[in-house]
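Worksheet: the structure to be examined is printed underneath.
Computed from a predicted model, the values in this text were never measured in an experiment.
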Amino acid sequence: MRTIRYYEERGLIEPARRTKGGFRLYQDEELRKLHLIRSLQVLDMPLAQVKAFFDERQRGRSAAEIAPALQGVLREQLHEMERRIAQYRAMQDSARETIEILDACRRCPHEPGPGVCRQCPVLTGRVTIPLHMEAVIEAGRRDATTSLERCASDVGPRT
């Protein structure tokens with residue numbers, strides 16, 4: 001597999017030996033390491049950090065020598081996780097707000113678009129428009145003037 005060869009090239013795992021046919025054979029310890037690498041990557045730990053973790057572990061002689069470096073690697077990972085969690089929470093809030101706004105949109109006869117939606121009382125009363133709603137509005141940008149003309153004709157002539 002290409003991924004396993006890549007891990008080998010990066011110095012993360014080593015085959016015990018090769019068969020006459022060129023197949024790599026790994027010992028149980030390397031297979032456990034491989035599963036660990038894959039698990040950490042599924043959790044979005046960059047391969048460079050996985051390697052740094054393994055490298056630091058191999059450099060030290062005692063726990064007192066390796067602990068500070070390993071803590072540093074883990075602190076970086078923790079900071080990145082916290083940043084991503086904050087991004088996901090913001091996206092979650094945006095999706096919830098957009099669902100609420102779309103409840104009002106279910107009664108709107110107009111085609112969504114910047115000219116129409118930005119005039120809507122449901123949106124004008126908000127400090128910011130949720131990102132997901134911005135996407136709905138911008139998706140209708142292709143013919144904003146036609147939507148405005150339709151909106152004006154739906155309202156009727158002004159007197």
Side-chain angles (χ1 to χ4, degrees), residues 1-13 29-60 63-156 158:
M1 286 209 274
R2 192 172 227 159
T3 304
I4 294 173
R5 281 187 291 226
Y6 180 69
Y7 293 162
E8 187 181 326
E9 289 169 8
R10 299 281 312 255
L12 292 164
I13 59 172
E29 181 181 331
E30 294 300 303
L31 292 176
R32 281 192 300 275
K33 218 190 238 186
L34 180 61
H35 288 292
L36 179 61
I37 293 166
R38 293 299 305 146
S39 295
L40 290 170
Q41 285 214 284
V42 165
L43 296 173
D44 286 335
M45 186 174 200
L47 199 54
Q49 282 188 333
V50 174
K51 179 151 177 43
F53 200 83
F54 286 168
D55 289 349
E56 287 300 330
R57 175 61 185 94
Q58 290 173 348
R59 280 189 202 125
E65 291 173 326
I66 64 169
L70 294 177
Q71 284 177 317
V73 171
L74 290 172
R75 281 190 182 106
E76 285 178 33
Q77 181 63 21
L78 185 59
H79 176 71
E80 180 61 22
M81 283 185 232
E82 289 166 347
R83 187 186 66 76
R84 285 185 182 194
I85 287 169
Q87 286 178 324
Y88 280 120
R89 285 196 176 125
M91 286 176 51
Q92 195 176 36
D93 291 344
S94 172
R96 282 190 182 112
E97 286 183 64
T98 301
I99 289 168
E100 290 174 17
I101 293 167
L102 290 172
D103 275 342
C105 293
R106 294 173 71 171
R107 296 179 294 281
C108 180
H110 307 294
E111 182 179 340
V116 172
C117 296
R118 296 201 192 284
Q119 305 290 325
C120 177
V122 174
L123 294 180
T124 57
R126 293 176 171 272
V127 175
T128 60
I129 297 173
L131 185 61
H132 289 88
M133 193 64 208
E134 285 283 359
V136 170
I137 293 168
E138 291 302 317
R141 188 176 272 291
R142 70 186 187 291
D143 197 6
T145 55
T146 305
S147 294
L148 274 174
E149 291 165 0
R150 258 184 283 175
C151 182
S153 67
D154 288 345
V155 172
R158 293 185 179 187

ask   = With a 4.5 Å heavy-atom cut-off, do Glu30 and Tyr7 have their side chains touching?
value = no
ask   = Side chains of His132 and Ile101: closer than 4.5 Å at any heavy-atom pair?
value = no
task = Can you sort out the partners of Leu102 under side-chain contact (heavy atoms from CB on, under 4.5 Å), two or more places apart, ordered by chain and number?
result = Thr98, Cys105, Met133
request  = Just jot down the side-chain hydrogen bond (donor to acceptor under 3.5 Å, both in side chains) partners of Gln49, sequence neighbours excluded, or say none.
outcome  = Glu76
ask   = Hey, what do you get for CG (Leu47) to CD (Gln41), rounding to the nearest 0.5 Å?
value = 4.5 Å
query = Can you find a heavy atom in the side chain of Glu111 that is under 4.5 Å from one in the side chain of Val116?
reply = no
message = Less than 4.0 angstrom from a charged side-chain N to a carboxylate O is my criterion; do Glu80 and Arg84 meet it?
response = yes
task = Return yes when atom CZ of Arg89 has more than 12 non-hydrogen atoms of other residues, nucleotides or ligands closer than 6.0 Å, and no otherwise.
result = no
request  = Determine the minimum heavy-atom distance between Gly11 and Lys51, stating which atoms define it.
outcome  = O-NZ, 4.3 Å
task = Kindly give the heavy-atom pair with the smallest separation between Ser94 and Leu131, and that separation in Å.
result = OG-N, 3.1 Å
request  = Quick one: closest heavy-atom pair of Gln77 and Pro46, and the distance?
outcome  = OE1-CD, 3.5 Å
request  = Using a 4.5 Å cut-off on heavy atoms from C-beta on, say whether the side chain of Leu12 contacts that of Tyr6.
outcome  = no
query = Is there side-chain contact between Leu36 and Phe54, with heavy atoms separated by less than 4.5 Å?
reply = yes
note = Pro68 and Ala64 have their tightest heavy-atom pair at CD-O, 3.4 Å
ask   = What distance do Gln92 atom CD and Ile85 atom CD1 have between them, rounded to the nearest 0.5 Å?
value = 11.5 Å
key: Side chains of Met45 and Val73 in contact at under 4.5 Å (non-hydrogen atoms)   = yes
ask   = Is the count of non-hydrogen atoms from other residues, nucleotides or ligands lying under 6.0 Å from Gln71 atom CD greater than 12?
value = yes
request  = Would you name the heavy atoms of Glu138 and Pro114 that are closest together and state the gap between them?
outcome  = OE2-CG, 4.2 Å
Over all atoms of both residues, closest heavy-atom pair of Arg126 and Glu100 = NH2-OE1, 4.3 Å
